[in-house]
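The structure appears right after this line, and notes come after that.
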Amino acid sequence: AQSVAQPEDQVNVAEGNPLTVKCTYSVSGNPYLFWYVQYPNRGLQFLLKYITGDNLVKGSYGFEAEFNKSQTSFHLKKPSALVSDSALYFCAVRDMEGGNKLVFGAGTILRVKS
Amino acid sequence: DAGVIQSPRHEVTEMGQEVTLRCKPISGHDYLFWYRQTMMRGLELLIYFNNNVPIDDSGMPEDRFSAKMPNASFSTLKIQPSEPRDSAVYFCASNDRVRGANVLTFGAGSRLTVL
C-alpha cells in the first residue's frame, strides 16, 4: 500500500529566505507524486506533480520540488518565501498499481514571517 | 467552468439526524472522490467513482455512510444517523484521468458539525 510521510507539523521561515517542506513516500511501484496547498476555509489547490522525466519539477507560484528515488523523497522548495505562501501544504502519492487513488500526507503548516 | 461545486458549505445538525452532502463535478471529468478532513486523521479518502460506478469504498467508516452518483454531474454523501465524531470538513474532488494527468480539482468543502 502506498503512503506518504511529512515529518514536520510546521515550518517557520522568514520572508525572503528559502523554504523547504519535506515529504517521503512509500509505494510498491513507480510513484506519481503531487503537492497541494490549502488556504484557510478553502479546498486544496494543485501546485505541481512528478510523473516521469526530470527530477526537478517546477510548479505554480514559484514552487519547485525534487524527486529523489534513492531517498524516496519529494521535497517542496522555493528560493524566496513570501508571507502569502503561509498555508497548509500536502504531499500526495498515487501508486501505479493502486488505481486512481491519491493518498495524502498529514500536511505541514508553513508560516512565513515578515 | 465553475469548478467543483459542493453544498451546503456549512451544516450544523443534531446527533441522530440525517445529513446529505452534495457535489457537482467538473463537466467531462470521469472520476469523483469524496475525502474527509479532520485534525486528528488528516485527509482520508472515503470513496471514489469512475464513470458513476463506485470503485473503492474501503475508506467509508461504517454503514452509516453511503454515497451515490446517479449521473455524471451529481453525487451525494449521506450520513444516517449522524454522530458527533462525524464532524469534519468533507471534500469532493474530480479528475479527468486521461487529459488531467492525475490532477484532482477540489471543491471548497462542506463543514459538518454534529452536536
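Note that the structure is a prediction, hence the values are computed from the model and not measured. Note on naming: letters A, B, ... go to the chains in the order of the sequence lines (proteins, then strands), and numbering restarts at 1 for each one.
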Of all the heavy-atom pairs spanning B:Ser75 and B:Trp34, show the shortest one and how long it is. OG-NE1, 3.0 Å
Nearest heavy-atom neighbours spanning A:Asn17 and A:Val13: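 Where A:Asn17 meets A:Val13 most closely, the heavy atoms are CB-CG2, 3.7 Å.
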Given a strict heavy-atom distance threshold of 4.5 Å, which part of A:Gln45 is in contact with chain B: side chain, backbone, both, or neither?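 Interface part for A:Gln45: neither.
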Measure A:Leu47 against the heavy atoms of chain B and call it side chain, backbone, both or neither at under 4.5 Å.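 For A:Leu47, neither part sits under 4.5 Å from chain B.
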Are the side chains of A:Leu76 and A:Leu48 in contact, using a 4.5 Å heavy-atom criterion?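 Heavy-atom side-chain distance check passes, below 4.5 Å.
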Donor + acceptor pair across side chains of A:Gln10, A:Asn12 (<3.5 Å): yes
With sequence neighbours excluded, tell me which residues meet salt bridge (Lys or Arg N to Asp or Glu O under 4.0 Å) with A:Arg111. none
Anything in residues 107-115 of chain B with a heavy-atom distance to chain A below 4.5 Å? Please list those residues in order. B:Gly107, B:Ala108, B:Arg111
Looking only at heavy atoms, which of residues 14-22 of chain B get nearer than 4.5 Å to chain A?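 When heavy atoms of chain A are the reference, residues 14-22 of chain B contributes no residue within the under-4.5 Å range.
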Specify whether B:Tyr31 and B:Phe33 have parallel, tilted or perpendicular ring planes, treating 30° as the upper limit for parallel and 60° as the lower limit for perpendicular.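 Rings of B:Tyr31 and B:Phe33: parallel, as their planes differ by under 30°.
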Could you label the plane-to-plane angle of the A:Phe67 and A:Tyr25 rings as parallel, tilted or perpendicular, counting under 30° as parallel and over 60° as perpendicular? parallel
Verify side chain to side chain contact (heavy atoms under 4.5 Å, CB included) between A:Val11 and A:Tyr89, making sure each step is shown before the conclusion. CA-CA 10 Å; A:Val11 170; A:Tyr89 289 81; over 6 Å; no
Indicate, with yes or no, if the rings of A:Phe104 and A:Phe34 have centres closer together than 6.0 Å. no
Applying salt bridge (Lys or Arg N to Asp or Glu O under 4.0 Å) to A:Glu64 and A:Lys58, what does each step give before you reach the verdict? CA-CA 4 Å; A:Glu64 58 189 28; A:Lys58 294 188 183 296; 2.9 Å; yes
Excluding sequence neighbours, so at least two apart, what forms side-chain contact (heavy atoms from CB on, under 4.5 Å) with B:Pro81?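 Partners of B:Pro81 under the side-chain contact (heavy atoms from CB on, under 4.5 Å) test: B:Arg64.
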Most contacts with chain A, counted as non-hydrogen pairs under 4.5 angstrom, among B:Gln37, B:Glu44, B:Arg9: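 Option with the top pair count is B:Gln37.
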